[in-house]
Novice: 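First, the structure itself, so that you have it in front of you.
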Amino acid sequence: MSRSSSSRTASVTSGPYAPPTPARVLTVESVDGARLHVEEHGPDDAPPVVLSHGWTCSTAFWAAQIRGLAADHRVIAYDQRGHGRSPVSHACTTEALADDLEAVLAATLTPGEKALVVGHSMGGMTVMAAAERPLFRSHAAAVLLCSTGSSRLVAESRVVPLPAGRARTWITERILGSRAPLGPVTPVALRVLKYGTMGAGSAPHMVEACARIVHACPRAARHAWSRVLSALDLDHGVRELRVPTAIVHGAVDRLTPPVHARALAAALPQCVGLTELTGVGHMTPVEAPEKVTGRIRELVTTYVTGGTPAQIKEGA
C-alpha cells in the first residue's frame, strides 16, 4: 500500500466508531482494472451482508454496523474507487459503480449465494445502477437503502438555506463540487459538517467520526464523484430493483431530503418499508447505529436466512 493511500484511512482510534480489525482483507479487481479494497468480518459460514458506502466515505463509516453484526454475520465492506484504500480511478460513472459492486459480489460470494446488500447515499445509488445486472440479481436477496435518492440531488438539496430554485441549485452545485481542500478537522470544520450532513442533536463523537472519514477523502475523488452525482438519473434503476427493498431515511436530511425516500418508496417494485428517523440527518448509520443495525438484522432474518426476528434475538 502506498503512503498516500494509507494516509487516507484516518479515522477515530477508539470507541464504537473506531474501525474494527477485519478477519480477512482482499483486493478485488473491477472489470476495467480498478483495484478495490475489500474487508470481511465475522464467521465464514454466517449469513452475508454487503455494505456499500457513500460519497467521501470509506469502510470506516460502517464501524458501528460491523461491530454490531460481525458476531453472527459475515459482513463484507469495500471502499468505492477513489475512497479509503481503493486508488483513485479516472473512470467515475454509475456504470463503474455497478461494475465494482458486481466484482465484490463475485469475489466474496459463491455462485448463487444470497446476501443482504446495504447502500448508503452513493452506495444506494450503486445498488440502483446495478439493479438490472444478472450477477447482482443472482446474489441480492434483499436491499436496504439508507439516505439516498435516484435523481435531482442538487435541485432537492437543502444544504443552502434558500428557497428552491435556480439560485439555490447553482450555489449548491458549486459548494458540493468544490475543488478546495477540506483541511484539518477543526472546530469550525466540525460545525460545518454537522450542519450540512447531520441532525442538530448528533453527539460530538458522531460528528468527529464523520468528519475524520470525510476529510480523509482525496479532493480529486470528491470533485469527480460530485459531478456524477449532480447529473444523476437512476430512476430506471429504481424500477428495475425487483428484490424486497427497505428504506431508512433521516427526517432532517439536508443532502438527500425525505422527498427522495418517499419517491423511492412509491417507485420500487417491492418496497418493504420506509423508516423515517426523527431528528436524524444524512449520516443515518452513524447517527442512529442501533436502528440501522436492527433493520439489517430484520432483513437478513426475513430474506436471507428465512427465520423470524424473534429467533435472531433469542440466538436460535
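What's counted below: heavy atoms across the whole structure, side chains too, no hydrogens, waters or symmetry copies.
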Novice: Are Ile296 and Tyr78 connected into the same hydrophobic cluster when the rule is that any two of I, L, V, M, F, W, Y join if their side-chain heavy atoms are below 4.5 Å apart?
Specialist: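 Different clusters: Tyr78 never reaches Ile296 through Ile, Leu, Val, Met, Phe, Trp or Tyr contacts under 4.5 Å.
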
Novice: Applying a strict under-4.5 Å side-chain criterion to I, L, V, M, F, W and Y, I'd like to know whether Val243 and Val238 cluster together.
Specialist: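 Yes, Val243 and Val238 fall within the same hydrophobic cluster.
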
Novice: Would the distance check show the side chain of Lys194 and the main-chain N or O of Ala200 forming a donor-acceptor pair, the cut-off being under 3.5 Å?
Specialist: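 Yes.
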
Novice: Between Asp79 and Thr59 (side chain of the first, backbone of the second, donor and acceptor by atom type, cut-off under 3.5 Å), is there such a pair?
Specialist: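 Yes; at least one donor-acceptor contact below 3.5 Å.
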
Novice: Under 3.5 Å, is there a donor-acceptor pair between the side chain of His249 and the main chain of Thr256?
Specialist: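 Side chain of His249 to backbone of Thr256: a pair is present.
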
Novice: Among Ser86, Ser89, Ser30, Ser52, find the residue that satisfies the side chain to side chain donor-acceptor pair (under 3.5 Å) test when tested with Asp100.
Specialist: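 Only one option passes, and that is Ser30.
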
Novice: With a 4.5 Å heavy-atom cut-off, do His37 and Thr27 have their side chains touching?
Specialist: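 In short, these two side chains do not touch, never coming nearer than 4.5 Å.
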
Novice: Does the side chain of Leu299 come within less than 4.5 Å of Val272's, by heavy atoms?
Specialist: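 In short, these two side chains touch, coming nearer than 4.5 Å.
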
Novice: Got Arg168 and Glu173 here, is their nearest side-chain heavy-atom distance under 4.5 Å?
Specialist: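 No - every pair of side-chain heavy atoms lies 4.5 Å or more apart.
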
Novice: Arg81 and Ala91: which non-hydrogen atoms are nearest, and at how many Å?
Specialist: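 Nearest pair, atom of Arg81 first, then Ala91: NH1-O, 3.1 Å.
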
Novice: Around atom CZ of Arg67, are there more than 12 heavy atoms of other residues, nucleotides or ligands at under 6.0 Å?
Specialist: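 Count over threshold, so yes.
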
Novice: Could you pull out the closest heavy-atom pair between Ser121 and Gly54, with the gap in Å?
Specialist: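 Heavy atoms only, the tightest pair is CB-CA, 4.1 Å.
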
Novice: Does some side-chain heavy atom of Cys210 sit less than 4.5 Å from a side-chain heavy atom of Leu193?
Specialist: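 In contact.
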
Novice: Between Arg74 and Glu113, is there a salt bridge with N-O shorter than 4.0 Å?
Specialist: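 Salt bridge present between Glu113 and Arg74.
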
Novice: Under the 3.5 angstrom rule, does the side chain of Ser157 hit a backbone N or O of Val154 as a donor-acceptor pair?
Specialist: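 Checked: no pair found.
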
Novice: So do Thr275 and Ile247 actually touch side chain to side chain, heavy atoms under 4.5 Å?
Specialist: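 Ile247 vs Thr275: side chains apart.
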
Novice: Measuring from atom NE2 of His282 to atom OG1 of Thr197, what distance do you get when rounded to the nearest 0.5 angstrom?
Specialist: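 Interatomic distance, His282 NE2 to Thr197 OG1, rounded to 0.5 Å: 7.5 Å.
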
Novice: Can a side-chain donor-acceptor contact be found between Thr284 and Ser147 if the only test is distance below 3.5 angstrom?
Specialist: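 Side-chain D/A pair, Ser147 to Thr284: present.
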
Novice: Starting at CG of Leu97, measure out to CD of Glu102 and round the result to the nearest 0.5 Å.
Specialist: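 Output value for this atom pair is 12.0 Å.
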
Novice: Is atom NE2 of His90 surrounded by more than 12 heavy atoms (other residues, nucleotides or ligands) closer than 6.0 Å?
Specialist: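 It does not: His90 NE2 has 12 such atoms or fewer within range.
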
Novice: Looking at His260 and Thr148, would you say the former's side chain and the latter's main chain have a donor-acceptor pair under 3.5 Å?
Specialist: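 Not confirmed, His260 side chain does not pair with Thr148 backbone.
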
Novice: So Val300 and Arg295, do their side chains get closer than 4.5 Å, heavy atoms only?
Specialist: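 Arg295 does not reach Val300 side chain to side chain.
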
Novice: Within the side chain of Glu287, is there an N or O that forms a donor-acceptor pair under 3.5 Å with the backbone of Gly281?
Specialist: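 Answer holds: yes.
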
Novice: Is a side-chain N or O of Ser230 found less than 3.5 angstrom from the main chain of Arg227, in a donor-acceptor match?
Specialist: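 At least one qualifying donor-acceptor pair exists.
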
Novice: I need the Trp55 CH2 to Arg222 CZ distance, nearest 0.5 Å.
Specialist: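 Reported to 0.5 Å precision, the distance equals 7.0 Å.
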
Novice: Take Thr126 and Gln80 through the test side-chain hydrogen bond (donor to acceptor under 3.5 Å, both in side chains) and record every step on the way to the result.
Specialist: CA-CA 10 Å; Thr126 300; Gln80 302 270 21; 3.1 Å; yes

Novice: Return yes if some donor-acceptor pair links the side-chain N/O of Ser202 with the main-chain N/O of Gly199 below 3.5 Å, else return no.
Specialist: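 Yes; at least one donor-acceptor contact below 3.5 Å.
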
Novice: Which atom pair, heavy atoms only, marks the closest approach of Glu39 to Arg85?
Specialist: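 Minimum heavy-atom separation between Glu39 and Arg85: OE2-NH1, 3.9 Å.
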
Novice: Return yes when atom CZ of Arg133 has more than 12 non-hydrogen atoms of other residues, nucleotides or ligands closer than 6.0 Å, and no otherwise.
Specialist: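 Count over threshold, so yes.
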
Novice: Once you measure the plane-to-plane angle for His120 and Trp62, does it fall in the parallel (<30°), tilted (30-60°) or perpendicular (>60°) bin?
Specialist: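 Judged by the thresholds at 30° and 60°, the geometry between His120 and Trp62 is perpendicular.
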
Novice: Taking CZ in Arg242 as the centre, count heavy atoms belonging to other residues, nucleotides or ligands within less than 6.0 Å. Is the count above 12?
Specialist: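 It does: Arg242 CZ has more than 12 such atoms within range.
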
Novice: Taking His223's backbone N and O only, do any of them form a donor-acceptor pair with Arg179's side chain (distance below 3.5 Å, no angle check)?
Specialist: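 Pair absent, no side-chain N/O of Arg179 close to backbone of His223.
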
Novice: Does the side chain of Val143 reach to within under 4.5 Å of the side chain of Phe136, using non-hydrogen atoms?
Specialist: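 Val143 reaches Phe136 side chain to side chain.
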
Novice: Step by step, work out the side-chain contact (heavy atoms from CB on, under 4.5 Å) result for Leu101 and Val50.
Specialist: CA-CA 9 Å; Leu101 175 56; Val50 179; 4.3 Å; yes

Novice: Run the salt-bridge test on Arg137 and Glu132 with the 4.0 Å N-O cut-off and return the result as yes or no.
Specialist: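 A salt bridge is absent here (no side-chain N lies under 4.0 Å from a carboxylate O).
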
Novice: Please determine if Asp253 and Arg158 form a salt bridge, counting it only when a charged side-chain N lies under 4.0 Å from a carboxylate O.
Specialist: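 So Asp253 does not pair with Arg158 through a salt bridge.
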
Novice: CZ of Arg262 to SG of Cys271: how many Å apart, nearest 0.5 Å?
Specialist: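 It comes to 13.0 Å.
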
Novice: Mind checking the NZ-OH spacing from Lys114 to Tyr303? Nearest 0.5 Å is all I need.
Specialist: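 Reported value, rounded in 0.5 Å steps: 14.0 Å.
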
Novice: Quick check: closest heavy atoms across Leu229 and Met125, and the distance to 0.1 Å?
Specialist: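 The pair with the smallest heavy-atom distance is CD2-SD, 3.6 Å.
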
Novice: According to a 4.5 Å side-chain heavy-atom criterion applied to Ile, Leu, Val, Met, Phe, Trp and Tyr, with indirect links allowed, do Val88 and Trp225 form part of one hydrophobic cluster?
Specialist: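 Hydrophobic grouping puts Val88 apart from Trp225.
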
Novice: His215 side chain to Gly183 main-chain N or O, any donor-acceptor pair under 3.5 Å?
Specialist: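 Yes, the answer is positive, given that a donor and an acceptor are paired below the 3.5 Å cut-off.
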
Novice: Between Arg152 and Asp235, is there a side-chain N and carboxylate O pair less than 4.0 Å apart?
Specialist: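 Asp235 and Arg152: not salt-bridged.
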
Novice: Roughly how far, to the nearest 0.5 Å, is OG1 of Thr110 from CG of Leu105?
Specialist: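 Rounded to the nearest 0.5 Å, the CG-OG1 separation comes to 11.5 Å.
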
Novice: Nearest heavy-atom pair of Leu135 and Ala106: which atoms, and what distance?
Specialist: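 Looking at all heavy atoms of both residues, the shortest contact is CD1-CB, 4.1 Å.
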
Novice: Determine the minimum heavy-atom distance between Pro258 and Gly250, stating which atoms define it.
Specialist: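 Heavy atoms of Pro258 and Gly250 come nearest at CG-O, 3.7 Å.
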
Novice: Any non-hydrogen side-chain atom of Ile76 less than 4.5 Å from a side-chain atom of Val104?
Specialist: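 Contact flag for Ile76/Val104 side chains = yes.
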
Novice: Transitively linked via ILVMFWY side-chain contacts under 4.5 Å: Val117 with Met128?
Specialist: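 Result: yes, single cluster for both.
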
Novice: Using distance alone, with no hydrogens and no angle criterion, decide if Gln270 and Thr245 have a side-chain donor and acceptor under 3.5 Å apart.
Specialist: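 Per modelled atom types, Gln270 and Thr245 side chains form no pair under 3.5 Å.
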
Novice: Determine, using ring centers only, whether His205 and Tyr17 are less than 6.0 Å apart.
Specialist: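 Distance test on ring centres: under 6.0 Å, yes.
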
